[in-house]
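Below is one structure; the comments refer to it alone.
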Amino acid sequence: MTPTSETPAPAGYAPFAHLTVPNAALYRRTMRTFLSAKERFAVHLRPEDVYAALPAGERPAELETVVKALDSLVEWGNLRADPDTARVTAVEDFYRKRFVYQLTQAGEAAEEALSTYDEALGRRGALQAVALHDIVTQLRALLVLGAGDEPDPAKTYLALDALTSRFAALAENARAFMGSLQRTIDLHDVEEGVFLAYKDRLIQYLERFIQDLITLGGRIAQLILELEDGDVIAPLLRTAADREAADAAPEDAEHAGREAYVRWTGRWDGLAAWFVSRDGRESQARLLRGRALGAIPQLLAVVRSLNERRSGRSDRSADFRTLARWFAEAPDDGARHQLWRTAFGLCPARHLTVDADTLAARTARPVPAATPWAESAPLSISPQLRRTGSYERRGKPRKVEDRSEARRHLAEVAAKQAAETAAARARLATSGATRLSALGELDPLAFGLFLQLLGDALATWRPGMTRTTATSNDGSMEIRLTDPGDGAVAEIITPGGTFRGPDHIVDLTGLTGLTGLTDGDGSR
């Protein structure tokens, strides 16, 4: 596609006009080529140089397209064109259109602004544990400076400046990180494969920062209170403000000193509010810690939903909860009746055939589906039904099949399976904490139920954990798994072989009133 000239931008902003034209991508790549050339100390570029520097997959088919793009950028003020006299070898060459191009001051400024915009837009932020250590160091330095009779102005100013700089970077990066983390949880800007690949590292990163925030955040709050309770920080802030206003004109010195002191006081108040809870308001560090802690189960929930989506697993209880929420959010009873018929395929019993007049009357005066027959208007029955008394087809009626035997068999099978499952649960239920190695021999059904519970518990296990809890799919049993830390090996004998693995302390508890299961206190 050949670049075309567009409507010029407002005066002073013409170098940004190339961002809103159809070939904006070509113009951006062309300008980046000039920026790369400037880094190599190349001032002028010919059209052939620009064409060769463009990526092979993004390069136009003809050189003339690049020449027209360069001319448009010259028109907008991003580039400057100078006659290319270096290649003139004959008089005829003076009459040919040959130019070399270079960045203008306005074009370079526009590219710097765009680079800053792209960097800010793509910034994901980080939870900086190192910044917490630096804040502790600077607060201790302020305590040492405040202990003297006359704090050194230069050292005081540098310590406060370093403290506020590190704190501002910490707060801004934390805000950007938590924003990008929420987008990751919502799966708005991350692919499924990428999310599953880095979620473990992300969780470990969050856990490490939370640990540092708990330990160092308390230390920082204590140092802040020491500086405030000992009336140490106010003289230091005044000293830093006086040094900052030292270069002001004599007639403005007093006013500049007051403004500088107000700025330094505001910075200190922001730092203190970030780490110290006051007046019934929680500190920002505590809120950040809660937000980071809450992000971990949300990430695990996303992983679980992705696994279920990938395996095609259907959760009936989740479906019914979703349907219940839809019923609660329905605007009126008519919408709820429609949702009921759509979800379950059950319609009202008003299914008799009616004529056109009856339909018209029903449309004019709708009858709610919950209206009793005794209170509703009479139905107009078709004359054919009134005359013959039946719509049934003529001929021998279909024989009704007796399914009582099949239903009895299915009931016996269901009762047998329920009894076997209850026996397996009763076999697994313990009267308290016990070793896996002490479970003894298990039959296939009890062993299968045990593997399911053990797998659910180990799925929530994370490095550094010593205990975890999980519940069976039907909610009838709960397993509490604890690592004894002795490295023992457990063996469970089954008819199919011997199950071996690291020994754990296990507490299997029944959560229903089935016979043989334990209650929450461990009694049978």
Side-chain angles (χ1 to χ4, degrees), residues 196 199-200 203-204 297 300-301 303-308 310-318 408-524:
L196 295 176
K199 54 95 178 173
D200 286 336
I203 292 175
Q204 293 176 6
L300 296 177
V303 174
R304 186 162 53 249
S305 64
L306 289 176
N307 290 333
E308 292 179 357
R310 186 166 53 184
S311 61
R313 177 181 175 183
S314 177
D315 189 347
R316 182 174 298 180
S317 59
R408 185 190 60 77
H409 176 70
L410 291 178
E412 292 178 355
V413 172
K416 181 180 178 181
Q417 291 178 349
E420 291 177 349
T421 304
R425 291 170 181 161
R427 170 65 180 85
L428 287 177
T430 60
S431 58
T434 185
R435 291 268 187 167
L436 284 178
S437 54
L439 289 179
E441 185 175 355
L442 297 178
D443 58 82
L445 189 60
F447 183 66
L449 181 59
F450 165 74
L451 283 183
Q452 180 183 356
L453 287 169
L454 184 62
D456 291 341
L458 294 178
T460 62
W461 197 281
R462 290 293 177 270
M465 295 177 59
T466 59
R467 183 174 181 177
T468 186
T469 303
T471 307
S472 61
N473 293 337
D474 57 0
S476 62
M477 294 200 72
E478 180 183 67
I479 179 173
R480 290 186 289 272
L481 200 64
T482 305
D483 184 8
D486 54 7
V489 177
E491 292 188 355
I492 299 177
I493 300 175
T494 69
T498 303
F499 176 81
R500 294 183 179 87
D503 199 4
H504 286 73
I505 298 175
V506 62
D507 188 0
L508 294 163
T509 306
L511 302 180
T512 64
L514 296 175
T515 304
L517 296 182
T518 60
D519 296 327
D521 58 356
S523 60
R524 291 189 178 271

Pair E412 + R408: basic N to acidic O under 4.0 Å
yes

Ring pair (Phe, Tyr, Trp, His ring centres under 6.0 Å): which pairs involve residues 477-499, sequence neighbours left out?
F447-F499

Could you walk me through whether V506 and T434 pass side chain to side chain contact (heavy atoms under 4.5 Å, CB included), step by step?
CA-CA 5 Å; V506 62; T434 185; 4.0 Å; yes

With R435, which residues qualify under side-chain hydrogen bond (donor to acceptor under 3.5 Å, both in side chains), at least two apart?
D486, D503

